[in-house]
Protein chains: 2
Amino acid sequence: MPVTIEDLSNKLGVSRSTVSKALNDRGDVSSQTKERVTQAARELGYQPSAAARSLRRQRTDKIGLVVNYPIYRVSDFLAELIPGMATVAEEAAYNLILYTSLAGKTQGIKSLCRSREVDGIIIAWPQQLNQTVALSRLMTAEEMPHIFLPRRLPHAGLSYVATDHVQGARLLTEHLIALGHRRIGFQRLPEVYETDHDRHAGYVEALRAAGIDYDPSLVLAADSSEVDYESKSFYAFLTLPQPPTAILFFTDPMAIRALSLAREQRIRVPDDLSVAGYDGVLSSAVTAPALTTVRQPAPEIGKLAVESLLQLIAIGGGEPLQHTLPVELIARDSTGMNPRARV
Amino acid sequence: MPVTIEDLSNKLGVSRSTVSKALNDRGDVSSQTKERVTQAARELGYQPSAAARSLRRQRTDKIGLVVNYPIYRVSDFLAELIPGMATVAEEAAYNLILYTSLAGKTQGIKSLCRSREVDGIIIAWPQQLNQTVALSRLMTAEEMPHIFLPRRLPHAGLSYVATDHVQGARLLTEHLIALGHRRIGFQRLPEVYETDHDRHAGYVEALRAAGIDYDPSLVLAADSSEVDYESKSFYAFLTLPQPPTAILFFTDPMAIRALSLAREQRIRVPDDLSVAGYDGVLSSAVTAPALTTVRQPAPEIGKLAVESLLQLIAIGGGEPLQHTLPVELIARDSTGMNPRARV
DNA sequence: CACGTTTACGAAATCGATTTCGACATTGTG
DNA sequence: CACAATGTCGAAATCGATTTCGTAAACGTG
């Protein structure tokens, strides 16, 4: 059995309250007693019970991270988010609890709030906008500070750390247009996620600015419910009556998969087909050919998300916190001149 | 304020004990009252306070994962461990708490044990064997179930989920020998980690079996305390009086870094130099050239680690649990015939 | 009908801290 | 010296659950 505050107070012949006040530097304690208590605590290796302290203080010093690993191969990006988050949290004496099976489960989030297991929640990759708003309302009602990741939410009152997905997709599309591409495939998601919506808007903007007609047949939805949807998704583009000369995939891992499928099919990238991803995960730099992508700065996003959440926890709600971090086009070798434009 | 058990009992006109017993299916409660309580709990959205429950039950339903992200670029492997762990844990109604700044800090681990924040601990990538043993003793003294990852520990009483690093290194070395290499560089770590020790033993075994003399000048230690130690480490091999024709790196990311350094130096892989990694992380499959490596099955290791830990928690100590999972040589394109042997 | 059993419930203790508030001792002041 | 101000400490309440144990009511049996 670990030593409790009672053991300490017995040994020292002082009351529990005095011990507590001495160790927490609160209330009136003479400097001598404080010294004695501190000394004895060190000797006995006393560590307050987290549960007892949480119960009394009504705070846990833990924050929850709700993620959805398997969805559309975003796991790399999520993985790169975590070390930064944990580091910042631990510097502030908080810990990170992972919740991987709560995504989309309103009831689960509600239980999490009510059980008061955490002092705040970071939600990465959630639902459609109306669901996000509903979720936020729910958490607000439970007085649970929370932050959404990593997209802007066109809705007052939501706190988020985001990047500009409109701009990201626009940068990629412009890059391809500059390389002479006119038929650019765009992979989107079956559900109306905000990220998806934003990127589609950026894609459309870039086309319009270049005077290229928007061809809806070039915009295909992935469907993660299918078996091996990555390859299905890739072939769907290739078997189009007029296939694209370049394809924008939703995430780097999707694009990377496309790279190896292309090799199997003896399609040369970028000579026959240009391929781009999104996120700028570490592995995108080492593929053959190296992947063109847009980088969302995962470590900074993670850091800022935790910092913001801690702020919300400290001031207890108040103004929503909205941060947008810059994205960066990383043009590498998987995109090249449009072969037809060359002729 | 969330609704408490007191609110529930007031509303129903029964005692708190009855409510608790009804909801936990414990003790004597008539089926009618149980029904009424359950019903009311649902309506009010009652969720027991985690802190109060933990305090009373003396368990938290959480397990701690202690990792050391930056060390020798093992972060990819760690990242691939996590989803499996979290999934298994959550299926058993446990959650995962991440501790990234505790590695090597005995005092920190002790505090973690004494605060009773978690019911068990998984330690991934720790210290030297004697430190590991000391750590284990400490945790045992605190009655804290724990598991080490991911190497065998030649010491009775330690629970671990491991792979056979001797065999892994032997497989790689044999593979290179079969390709005609005689001078094989081996990257080892400055500290005497068990993994390092085992792999070195496997390397030596394979050399001996092939009748190749062990040349200590081919065995170089990386030193993560240096700036950009990855490239330092790579060049150290190249600038040897008699440089190796093949190099075994300690992790895939190290080898991947070597791949791009080689490209910068116009050294062709595998024509001029063969390069191999270790771990078999996902990105090792997509590099140019694709990396030869030994795969440690991260998802299975993660799953098994949590399963074992839960077992230790359930039976409360008892026999140590020791599992060894198979490794697999994945020969890809970064290793090839020894250019000198060819001549 | 008397008496032992069973059933259903609640009062109170408990887990281990923190915090409030009152009591006592000490010191300072006129 | 009387009294107010100050400094230290501890008793007790509290946080929100779970669990033990006692009791009263309902039931069955000879």
Side-chain angles (χ1 to χ4, degrees), chain A residues 1-38 40-41 44-62 93 111 113-119 142-143, chain B residues 1-38 40-41 44-62 93 111 113-119 142-143:
Chain A
M1 277 305 113
V3 10
T4 69
I5 198 172
E6 176 106 45
D7 300 335
L8 249 185
S9 77
N10 285 341
K11 180 188 158 93
L12 288 169
V14 299
S15 73
R16 303 196 308 259
S17 21
T18 303
V19 174
S20 173
K21 283 182 289 191
L23 293 176
N24 293 298
D25 238 335
R26 216 181 314 253
D28 316 312
V29 185
S30 75
S31 54
Q32 306 178 42
T33 359
K34 189 181 294 184
E35 182 51 40
R36 281 181 60 219
V37 172
T38 315
L44 270 64
Y46 168 71
Q47 192 69 27
S49 146
R53 167 172 279 185
S54 292
L55 178 58
R56 177 63 230 220
R57 287 198 173 162
Q58 300 287 67
R59 46 178 287 197
T60 60
D61 299 311
K62 313 221 168 307
S111 299
C113 292
R114 300 221 148 167
S115 73
R116 294 279 138 185
E117 284 180 27
V118 294
D119 296 341
E142 304 290 341
E143 296 179 70
Chain B
M1 280 300 117
V3 12
T4 71
I5 198 171
E6 176 106 42
D7 301 333
L8 248 186
S9 77
N10 284 341
K11 180 188 156 95
L12 287 169
V14 298
S15 73
R16 303 197 308 260
S17 22
T18 304
V19 174
S20 175
K21 284 182 288 190
L23 293 176
N24 293 298
D25 239 335
R26 217 179 317 250
D28 316 311
V29 185
S30 74
S31 53
Q32 305 177 41
T33 4
K34 187 180 296 183
E35 181 52 38
R36 280 180 60 219
V37 172
T38 315
L44 270 65
Y46 167 71
Q47 192 69 27
S49 145
R53 168 173 276 182
S54 291
L55 178 58
R56 177 65 230 219
R57 288 199 173 160
Q58 300 286 68
R59 45 179 287 198
T60 61
D61 299 312
K62 314 222 171 304
S111 298
C113 291
R114 299 220 150 167
S115 72
R116 293 279 137 185
E117 283 180 29
V118 294
D119 296 341
E142 303 291 341
E143 298 180 68

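The chains referred to below are lettered A, B, ... by the order of the sequence lines, with proteins before strands, and numbering in each begins at 1. Heavy atoms only: backbone and side chains are in, while hydrogens, waters and symmetry mates are out. Just so it is clear, the structure is predicted and the values come from calculations on it, not from any experiment.
Counting non-hydrogen atoms under 4.0 angstrom, B:Thr33 reaches the backbone sugars and phosphates but no base.
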Inset, instruction - Classify every nucleotide of nucleotides 15-27 of chain D by which part a protein heavy atom approaches to under 4.0 Å, writing B for the base, S for the sugar-phosphate alone and - for neither, in 5'-to-3' order. - result: BBBBB--------
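At least one donor-acceptor pair under 3.5 Å links the side chain of B:Thr60 to the backbone N or O of B:Glu117. No donor-acceptor distance shorter than 3.5 angstrom exists from the side chain of B:Asn10 to the backbone of B:Asp7, with no hydrogens or angles considered.
Separation of atoms OG (A:Ser49) and CD (B:Gln58) is listed at 7.0 Å; rounding is to 0.5 Å. Going from atom NZ of A:Lys11 over to atom CZ of A:Arg36 covers 10.0 Å, rounded to the nearest 0.5 Å.
Contact of the A:Lys34 side chain with the A:Asp25 side chain is registered, since non-hydrogen atoms from C-beta on lie closer than 4.5 Å.
A straight line from CZ of A:Arg36 to C1' of D:dT8 spans 13 Å, rounded to a whole angstrom.
Between A:Ser30 and D:dC9 there is a side-chain polar atom (N or O) within less than 4.0 angstrom of OP1 or OP2.
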